[in-house]
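Down below is the structure, laid out as structure tokens.
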Amino acid sequence: MAEKACVKRLQKEYRALCKEPVSHVVARPSPNDILEWHYVLEGSDGTPFAGGYYYGKIKFPPEYPYKPPGILMITPNGRFMTQKKLCLSMSDFHPESWNPMWSVSSILTGLLSFMMDTSPTTGSVNTTGEEKRRLAKSSLAFNCKNPAFRKLFPEYVEKYNEQQLSEQRVSEQLSAESPHEENSRSKIEKGANAGEDMKSVDSPKDARGNRKQPFPTWMMLLLVSIVGIVMALPLLQL
């Protein structure tokens with residue numbers, strides 16, 4: 001069980017956190033256990049984590065603030081292992097460096113800063129920027145499958161539902177526009193083919209011009225008669 005001083009200290013820090021929230025961080029104690037806090041880190045712009053929502057837990061010892069808490073990450077992120085205690089100066093990995101003056105706010109600020117960094121530590125992993133961006137994109141969907149997350153962070157569940165609804169509307173709009181575009185394309189192609197077919201068919205006038213005219217019979221007979229007369233003239237002179 002938590003000591004009275006520990007409970008009082010955590011309650012005070014929660015009130016302070018509600019009054020002055022930490023940028024890009026949301027944290028709340030479990031309704032049933034003041035020693036277990038749940039947090040969400042929002043990836044900073046300009047980093048591979050931008051657009052990501054990283055869910056994790058902080059477990060305080062009953063002797064807090066005289067002993068440091070344990071910190072772990074639940075959401076796959078490409079920076080830290082999941083479900084493993086993180087080795088940080090403000091975690092129970094290094095009790096010798098713990099300062100009782102540190103608060104939940106300072107712990108979360110330090111955690112967010114260290115996550116955006118690339119320094120290796122126990123519990124960290126090495127991944128590409130592309131992998132981090134892929135995990136950031138899928139982080140909210142992953143979190144919303146967790147019952148504890150859904151219960152403690154309804155605002156993020158609502159954000160996820162809005163994203164899904166927006167994507168669904170875009171998909172439906174594209175599906176509705178697709179048949180119209182295909183019909184328009186089909187009409188254009190049919191019009192072009194019809195034009196080519198019209199070009200291939202000669203008009204009656206062109207057909208008459210292209211058809212060879214036969215040599216008139218009467219002209220043939222006239223030429224034969226003239227030739228015959230010319231050949232008969234010498235005989236007539238005799």
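The structure displayed is predicted, hence computed values, not measured ones.
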Next item on the list: Please examine the side chains of L111 and Y39, heavy atoms only from C-beta on, and report whether any two atoms are closer than 4.5 Å.
Entry: yes
Note to self: For the backbone of E131 and the side chain of T128, can you confirm whether one donor and one acceptor N or O come within less than 3.5 Å of each other?
What the structure shows: yes
Margin query: Do Q163 and E167 pair up side chain to side chain, a donor and an acceptor below 3.5 Å, judged on atom types alone?
Written below: no
Next item on the list: May I ask you to decide if the ring planes of W98 and W102 are parallel, tilted or perpendicular, using 30° and 60° as cut-offs?
Entry: perpendicular
Next item on the list: Using the six-membered ring wherever Trp is involved, compare the ring planes of Y55 and H38 and label them parallel, tilted or perpendicular (cut-offs 30° and 60°).
Entry: parallel
Note to self: Taking salt bridge (Lys or Arg N to Asp or Glu O under 4.0 Å) as the definition, give me every residue that meets it alongside E155, ordered by chain and number, with sequence neighbours left out.
What the structure shows: R28
Notebook entry, point to check: Would you say the side-chain atoms of S113 pair up with the backbone N or O of T109, donor to acceptor, closer than 3.5 Å?
Noted result: no
Check: If you group Ile, Leu, Val, Met, Phe, Trp and Tyr whenever their side-chain heavy atoms sit less than 4.5 Å apart, what else falls in with M81?
Finding: V125
Note to self: Contact between L10 and P29 at the side-chain level, heavy atoms closer than 4.5 Å - yes or no?
What the structure shows: no
Checklist line | Side chain R79, main chain F114, donor-acceptor under 3.5 Å | finding: yes
Check: Hey, mind stepping through E13 and Y64 against side chain to side chain donor-acceptor pair (under 3.5 Å) and telling me if it holds?
Finding: CA-CA 12 Å; E13 291 189 16; Y64 178 83; 2.9 Å; yes
Notebook entry, point to check: Taking a hydrophobic cluster as the set of Ile, Leu, Val, Met, Phe, Trp and Tyr residues connected by side-chain heavy atoms closer than 4.5 Å, whether directly or through intermediates, do F80 and I58 fall within one such cluster?
Noted result: yes
